[in-house]
Structure formats: structure tokens, C-alpha cells
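Proteins get letters first, then strands, A, B, ... in listed order; numbering begins at 1 in each.
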Amino acid sequence: MNDITNYKNIKAWPFVEAIKVLKKFENLDKKQTINFETGYGPSGVPHIGTFAEVLRTNMVRNALREIKSLDSNLITFSDDMDALKKVPEDYPYPDKLSKYLNFPLSSIPDFTEKYSSYADKNNSLLKEFLNQFDFNYQFISSTEKYKSGSFDKYLLKILENYENIMNIVLPTLRKERRESYSPFLPICKITGKVLEAPITVINKEEGLIAYKSDNKFIETLVTGGNCKLQWKVDWAMRWSALKIDYEMNGKDLIPSFELSKQIAKFIYNKVPINMSYELFLDQNGEKISKSKGNGLSIDEWVTYGTKESLSLFMYQNPRRAKKLYFDCIPRSMDEYKKHFHNLKEKEQDLFENPIWHIHEGLLPKSTYPIEFSTLINLVTALNTSDKPTINKFCLLYIKNNLNHVEQNYLEEITKLAVKYFQNFILPNLKKRKPSEKEKIIIKYLIKDISSNQEEINAEEYQSLIYKYGKEVYPDNLREWFIALYQILFGADNGPRLGSLFFLYKKDKVIQLLQESIE
RNA sequence: GAGCCCGUAGCUCAGCGGUAGAGCAUUCGCCUUUUAAGCGAGGGGUCCUGGGUUCGAAUCCCAGCGGGCUCACCA
């Protein structure tokens with residue numbers, strides 16, 4: 001255990017967490033697997049918060065692996081037997097889905113007919129996201145566990161301690177809810193719905209209870225998937241059943257964690273090491289939620305930023321409330337590059353550098369050769385989605401030859417910058433029509449350019465523009481250039497036109513000018 | 001009511017025991033036959049307040065003052 005001491009001064013939170021785990025298992029010398037759990041409710045498409053939880057939990061796992069060679073396991077538990085409470089606002093078939101309210105998510109059909117159930121669809125989406133990031137995880141379906149009988153032993157234990165558990169939970173509930181509360185939610189044998197109804201214990205040893213439906217008492221087993229647990233009890237049960245050693249949760253679940261901890265005392269008393277993180281807020285400091293459409297989704301982030309930049313954002317200060325909105329993306333992209341640079345400068349900070357955590361210790365040799373915000377400025381100034389043009393300007397700017405890997409990185413982030421430009425800059429640009437006078441001048445310009453047999457160089461282009469500009473704006477050439485930017489791009493400024501035209505080459509320049517006067 | 005977080009440059013934030021930082025904004029200079037997306041330099045801060053610990057506190061502890069979020073239905 002001496003090896004912990006080498007790591008205990010590391011301030012990076014994944015190491016601090018990993019050391020919490022190791023301290024707890026200090027006295028166990030036998031070989032053992034450390035289980036990390038993350039929970040997911042597949043009532044809708046995966047939320048960026050769910051994703052953050054998996055990512056961060058995985059970072060703790062990496063840090064642990066670095067300190068000590070132990071087997072570990074990252075469990076992604078999907079609570080897919082949970083009842084559908086309401087139809088998500090963005091769901092494409094609300095009428096069809098609304099017929100399945102209170103059914104277990106895993107027993108609702110998928111109306112897109114691509115998946116075996118509603119839950120399976122959302123589970124698959126989650127797995128897709130996680131696979132994109134190459135996580136190594138074990139997906140567990142709640143429904144499968146309940147139905148296979150894996151949870152039976154624990155369900156019987158809960159029934160055995162039924163009164164004890166009721167005594168813990170009831171004082172935390174309001175009067176009305178106390179009447180209907182039960183740790184066991186029977187799956188109705190007639191309707192198939194998850195019932196929130198009081199139960200009567202019939203036989204603890206056999207696992208028999210009874211619930212009331214249509215004024216009749218119906219007996220059922222708590223085992224074999226005939227009942228599901230109410231979620232706080234469910235959570236506590238999982239800790240024992242899946243031997244969970246570590247789990248983090250949002251701060252909204254702190255009271256629930258405390259309660260589940262109490263409940264766990266009556267289910268083999270397994271309680272994981274826990275960390276709570278702050279929730280993400282939108283630009284105005286409000287909680288992000290899908291129904292409001294504020295904040296960002298995973299898809300939106302990876303449209304405009306790299307996966308690494310998203311990981312970096314998630315890594316930073318999980319205990320601090322962070323605003324998650326659009327501007328975070330370019331900022332995070334630039335920060336990634338900065339941290340990468342720091343890593344190469346001072347190696348002793350390896351474990352405190354986010355890059356180590358983002359890449360699970362397998363450090364890349366290089367990264368993109370230009371700051372993302374600079375690239376966006378460049379694309380905005382160039383006013384084009386044409387990647388070869390952007391690439392050429394980047395090379396002019398970088399003043400260095402790029403190796404093959406850097407060139408690939410540049411192409412990757414150029415795609416992102418172009419998307420950003422097309423969706424946020426371009427729609428706000430309005431090209432204006434040239435005045436009659438300007439039209440005539442542009443025609444002269446076209447004629448002059450096309451009369452050249454050979455390609456024209458940047459300086460010659462600049463001179464041509466200058467020459468004709470003097471005819472319309474003899475006193476203030478600046479206005480001529482502004483006019484050209486407005487007519488050609490819909491902006492008040494841009495790159496040096498001579499250089500741009502040279503990169504575009506004659507045919508494209510003529511086409512551009514021609515279009516502006518039509 | 002309880003819990004969690006925040007208060008550092010005009011704005012957004014990083015730093016979290018050892019000379020107060022970044023980006024944007026601002027000011028000035030340079031380059032370019034226009035503008036700059038460029039380069040360089042500068043200005044700007046009782047690090048919310050008051051105690052304590054320490055040789056030393058923006059940083060740790062306590063108390064207060066502001067601001068925000070979450071929970072007390074469901075998950």
C-alpha cells in the first residue's frame with residue numbers, strides 16, 4: 001500500500017476520489033474487483049448529464065488503475081423497468097405513447113419499429129454515445145435482472161425487513177403519499193402496469209404479498225420480476241446486489257442518497273463511496289432540461305467541437321455549478337490546446353493535467369496546429385465554407401509546414417469551424433445589391449480579370465481592385481473595400497481581397513463577381 | 001425549512017498556502033496600396049466583509065453579508 005503515498009498529493013479530483021476508494025479497501029488483501037456504478041433512466045433520450053456522470057466515473061476508475069493494479073468494472077445500470085410517467089415533449093408519436101403511461105419502459109413498443117422496446121431504443125442511444133467515446137463498460141438492464149431472478153435474494157431480504165424500511169421512508173413523505181407508499185411496486189397481472197398501491201405482506205419466507213386492484217386482493221410474488229422496487233429502495237438494493245463500491249450523483253440526489261444509505265442497513269449494508277457533483281446550468285443560470293430546450297445536448301456539442309473538448313469541459317470542477325451553453329465549445333477547444341501545450345512543457349504535472357484524464361493516460365503525440373477561436377475568426381473573415389481555401393489561409397497563418405497528423409487534425413477542426421460558420425455566422429449575413437455605379441465598376445473588373453491569359457498573383461489582384469476603386473470612391477478607398485465586402489459577403493470586413501482572389505483562382509473569382517451583379 | 005455552490009480586472013472565468021492570472025473588451029504602436037482574422041506593448045483588482053490558524057492566506061477554519069441552484073411530488 002506504499003504506492004498510495006506517491007499519489008496522495010495529487011490535487012486532480014479523480015485521484016482524490018480513487019484514494020478514497022483505496023483507503024477503504026486497504027485492509028483487504030485478497031484479489032477483488034472494484035465496481036463503479038452509474039445510473040440511467042431511459043424515459044427519454046440520453047441527457048448530457050448522464051453522459052457526464054459516466055465520463056467522470058470513468059476518470060476515477062482510470063486514476064485508480066494508475067495507482068494500483070486492481071480489477072475494476074464500470075456498470076451502466078438502466079432503470080428500464082421503471083414506469084413511464086409522462087410523454088417526453090419532443091417524442092414524435094405522443095398519441096401512441098400516451099396509451100402506455102405507467103407501463104414499464106421495457107414493455108412499451110418502439111414506434112419507430114427499429115428496436116425491441118421503448119427502453120431498448122433509449123438504451124441503445126446511450127450505448128452509442130458511450131461507444132463513440134470508447135468507454136469500457138458493462139451495461140445492465142434492470143428488467144433483465146428482475147426477471148432472471150438475480151435480485152430475488154435481495155427482494156426477500158427487503159420483505160423480511162419490510163417494517164424497518166417503511167419506518168425509514170414514511171417520515172420523509174407527505175401524508176397523502178404515506179397512504180399509498182410501498183417499497184414494492186407490483187406489476188399488475190391484469191393490465192401490465194406498474195402499480196403504486198399499498199400492499200399486504202402474506203408470507204415473508206415465500207415472498208408473497210397482496211395488492212388491491214378493482215376492489216379485489218391479488219396475490220403476487222415479490223420475486224421473479226413480478227414486482228419492482230420503488231427507486232430509493234431499488235438504489236440501495238443494487239449496491240448490495242451488484243456489489244457497488246463507488247457511485248457519484250448530482251446534488252439533487254444528495255437527500256436520496258442519505259435515505260438509501262439508511263435503507264441499505266437492512267439489505268446487507270453495502271454503501272458505495274460517494275461523490276456529488278453540481279448540475280449544469282444554461283446561459284442564464286437555470287437548470288438545463290430537455291423540455292425547455294436550453295443548454296446543450298451531446299449531439300450539439302460534437303457538431304461544433306471535438307469529443308476531447310467535451311471531455312475537458314466535463315473534467316473541470318465537477319463540484320462547481322457550470323453554465324453549459326454555446327460559447328463553452330470554442331473556449332473548451334482552445335483550453336484543450338493550451339493544456340496539451342502545458343503537458344509537453346512540464347512533465348511532472350502529468351496527473352494534474354486534464355489531458356491525462358481525458359485520454360485515459362494514453363497521451364496523443366500532437367493536436368490541432370491552430371487555436372479553434374482563431375480558426376473560427378479566419379473562417380468568418382474568409383466568409384467561406386470552402387475547405388481548401390480555409391486550409392491554404394491557415395497554412396499562410398501558421399507559417400509552418402504541417403506533418404500528416406497535424407494536417408488531419410486541422411481538417412477535423414475545419415469541419416467543425418465550417419459548421420459553426422454555416423449555422424451561426426452565415427444566416428446573419430445579408431449581401432447587398434451593388435449600386436448602378438458599383439455594378440459598372442464590377443463589370444470592368446470582371447472584364448479586366450478575364451482578359452488575362454495567365455493566373456494573376458495576389459498583388460496584381462489587389463492593384464486591380466485599387467485601380468477601379470479609385471473611380472467610384474476617389475476620396476475614400478476604405479469605403480470601396482467595405483462596399484465590396486458587403487456586396488460579395490454581406491459583411492463589413494474580411495480578408496485581404498488580393499490574397500483571397502489569388503487562392504480562389506480566376507474562374508471562381510469571376511463567378512463570384514458575376515453572381516454579385518445578377 | 002434543509003442541503004449544495006458561487007462572490008477575483010468592465011464582462012466571462014481560471015488559480016485554491018509562497019511576487020494577482022487568462023480570454024474578450026479598452027488604449028497605444030507596427031505590418032498590409034482598404035479593413036484586418038495578424039504582431040507587440042500598456043492601463044485596469046482592499047481577490048465580498050470581519051475574525052482566526054500560519055513565517056506567510058485570494059487559497060485553510062469560523063462568523064456574517066450578497067447571489068444562485070437543488071430537495072422536501074416523481075426519478
[N] versus [M] - spacing of their [atom1] atoms, nearest Å:
{"N": "B:rG18", "M": "B:rG56", "atom1": "C1'", "answer": "7 Å"}
{"N": "B:rC11", "M": "B:rC16", "atom1": "P", "answer": "23 Å"}
{"N": "B:rU12", "M": "B:rA72", "atom1": "C1'", "answer": "34 Å"}
{"N": "B:rA14", "M": "B:rG52", "atom1": "P", "answer": "30 Å"}
{"N": "B:rG68", "M": "B:rC55", "atom1": "P", "answer": "41 Å"}
{"N": "B:rG43", "M": "B:rG1", "atom1": "P", "answer": "48 Å"}
{"N": "B:rA58", "M": "B:rU27", "atom1": "P", "answer": "33 Å"}
{"N": "B:rG44", "M": "B:rA9", "atom1": "P", "answer": "14 Å"}

Sugar-phosphate, base or nothing in reach of [X], heavy atoms under 4.0 Å:
{"X": "A:Leu382", "value": "nothing"}
{"X": "A:Leu253", "value": "base"}
{"X": "A:Ser463", "value": "base"}
{"X": "A:Gln230", "value": "sugar-phosphate"}

query: Are A:Arg174 and B:rC73 close enough that a side-chain N or O sits under 4.0 Å from OP1 or OP2?
result: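 For B:rC73, OP1/OP2 do have a side-chain N/O of A:Arg174 under 4.0 Å.
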So, are [X] and [Y] salt-bridged, with charged N and O less than 4.0 Å apart?
{"X": "A:Glu411", "Y": "A:Lys387", "answer": "no"}
{"X": "A:Arg432", "Y": "A:Glu438", "answer": "yes"}
{"X": "A:Lys228", "Y": "A:Asp79", "answer": "yes"}

Closest approach to the side chain of [X], judged atom by atom: which nucleotide of [options] is it?
{"X": "A:Ser256", "options": "B:rC4, B:rU34, B:rA75", "result": "B:rA75"}
{"X": "A:Asn377", "options": "B:rA37, B:rA75, B:rU70", "result": "B:rA37"}
{"X": "A:Asn317", "options": "B:rG3, B:rC74, B:rA14", "result": "B:rA14"}

task: Tell whether A:Lys11 reaches the base of B:rC16 with its side chain through a donor-acceptor pair below 3.5 angstrom.
output: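 Check fails, no donor-acceptor contact within cut-off.
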